[in-house]
Amino acid sequence: MNFELKVLPSSQLPSLVADALVVLLPESPAQQPAAGALGALVQAAEAAGHLETGAAKTLGCYPVPGFKASRLVLVRCGEGPAGVRKAVTAALGQLKSPRLRRLGVVTALHPLDAEGVAVAIQAVAEATYVYTATKPSAKARSLERCQIVVERDAGLREGVLLGRARVAGLEMAREWANRPANHATPAMLADAARKLGRAPGFRTEVLGPGQVEKLGMGAFLAVARGSAQPLRFIVMHYQGAARSEAPVVLVGKGITFDTGGISIKPAAGMDEMKFDMGGAASVLGTFAALGELRPAVNVVGLIPACENMPDGKAVKPGDVVTSMSGQTIEILNTDAEGRLILCDALTYAARFKPRCVIDIATLTGACVIALGNVRSGLFSSDDSLAAALAAAGESAQDPCWRMPLDDEYAEGLKSSFADMANVAGREAGSVTAAKFLQKFVKEVRWAHLDIAGTAWKSGAAKGATGRPVPLLLEFLRGESAAQGDGTKAPGKAARKARRG
Ligand code: BES
Ligand code: MN
Ligand code: ZN
């Protein structure tokens, strides 16, 4: 699908050829009615009482004499980017046509800024995404071209680039998270990462069981033991800044299926544990987005990928393993496996001398209880990193909420037989999980995002959301501004690479 900016004076809107035009309007009727055919249409609809006041109120018009477009949907935008997103989503809800190929989003009566343009693009993509990988009967996305129609360019091309990047990232993440575990094995995730690694500025390395054993990743190996699918440790590099610039390291939990292992989960709803690689999917998605946007920042992506299965070889409750850090872990519950694969990846991350490490994981059911599916859990002992991530989440409409990390929460992780246990009691489960991870990041700025509630939706509209790709991309854009020339524009080398 192709998103582009179309600069067109409003007097020429009637001649725009499209299957549909979504016309953005202010939340309430304008004091002065707009000129031209579109203004007249809106005025007539308002006068007749057919166009209600209020955010996301829509009116479908078909056919509209004088307009070449087959149909128009008028929609009122609430405040800011969130208002644009809701409005475009509502308008697309009215356009559930299998033949919608060419779409225009008209901003003449409600001009957008760059973020508004990005959000409009994101909303169109989200409303038209179709999962087809294992469902040949599904009608593939019909939309081929979406034009954001503006009167003046005025810096809006940056919004188109950002929108395209978010869409590329979100769709990559949704696609991989949605695939069932037999179509998204650790080896298949590694192949996807290798493919991303072919673009200029990108490089991917993939380690197998032998190399992971040599590294001493005893915790990761313990989880992977019970599965017939061999583990992969994926290392992705994006170089957008000088080699000497310390990278941001992203670590994504890549449990391609979580049965719980010997501490097996109940049968009901277990299928949803195919989404337990949502963190890994968000790292792949973020790299896809980086490929579009090419910000001046260096990023390393680490994905420990394996299944958590019960088996004769599987790790057992009470087993003690030695992590790459040298610390020993008593595995009291094999269903607390995410922290076991992440702890070794966090130890590995130190070799990049990172400016910060952020891990992303569908880590705990307790986080779903605490925050539901609205905000991801954010844990960090570094106030400036936490603030930057929280702000990125707000501005990308992919919000998170900071949770505590007081040392008292780590009490329950004490073990009589190892340096720590992998679980504490039932209370504050998302916090004790974060305290476990924190034992492996003593010398680096670190944050942990628990996306157990936000990475996918259950119920009738079951499916991956692609979160927190928008948050991560926004954070990395900020990092590029922080280390670059003070603008969010990509560096010279990055622009060159984008031209190919
Ligand atoms: N992948 C799950 C967490 C999860 C559960 C995410 C439900 C989304 C929905 C994780 O590996 C897990 O099983 N965590 C346990 C930890 C417990 C054994 C301490 C949990 O949350 O129950
Ligand atoms: Mn588990
Ligand atoms: Zn899990």
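Quick caveat: nothing in here was measured; it's all calculated off a predicted structure. Scope of the values below: all heavy atoms of this structure, side chains included, with no hydrogens, waters or symmetry mates. Ligands are counted one by one from 1 in listed order, and the atoms in each one are counted from 1 as well.
A 4.5 Å side-chain heavy-atom check between L100 and L92 finds at least one atom pair inside the cut-off. Side chains of C306 and I255 form a contact here, defined as non-hydrogen atoms less than 4.5 Å apart. Here the side chains of D258 and K265 are in contact, with some heavy-atom distance below 4.5 Å.
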Dump the intermediate steps for side-chain contact (heavy atoms from CB on, under 4.5 Å) on L162 and E158, then the final yes or no.
CA-CA 6 Å; L162 177 58; E158 200 198 322; 5.9 Å; no
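Nearest N/O/S atom of E337 relative to the Zn ion (ligand 3): this is OE2. D258 contributes atom OD2 as its closest N/O/S atom to the Zn ion (ligand 3).
Scored by the side chain to side chain contact (heavy atoms under 4.5 Å, CB included) test, A336 finds R339, N422, V423 as partners (sequence neighbours excluded). Scored by the side chain to side chain contact (heavy atoms under 4.5 Å, CB included) test, T432 finds A424 as partners (sequence neighbours excluded).
Protein residues having a heavy atom under 4.0 Å from any atom of ligand 1 are K253, D258, K265, M273, D276, N333, D335, E337, R339, T362, L363, T364, G365, V423, A452, W456, listed by chain and number.
For the pairing with L472, the side chain to side chain contact (heavy atoms under 4.5 Å, CB included) check across L449, V299, V283 returns one residue only, L449.
Salt-bridge check for E171 with R141: passed, with a basic side-chain N closer than 4.0 Å to an acidic carboxylate O.
Ring geometry, W446 versus H448: the interplanar angle falls under 30°, so the pair is classed parallel (tilted spans 30 to 60°).
The NZ atom of K253, the Zn ion (ligand 3) and the OD2 atom of D276 define an angle of 90° (nearest 10 degrees).
Only protein N, O or S atoms were considered, and those under 2.8 Å from the Mn ion (ligand 2) are D258 OD2, D335 O, D335 OD1, E337 OE1.
At least one test fails for R198 against the ring of F202: distance under 6.0 Å to the centre or angle within 45° of the axis. Both cation-pi conditions hold for R174 and Y129: the charged atom is under 6.0 angstrom from the six-membered ring centre and inside a 45 degree cone around its axis.
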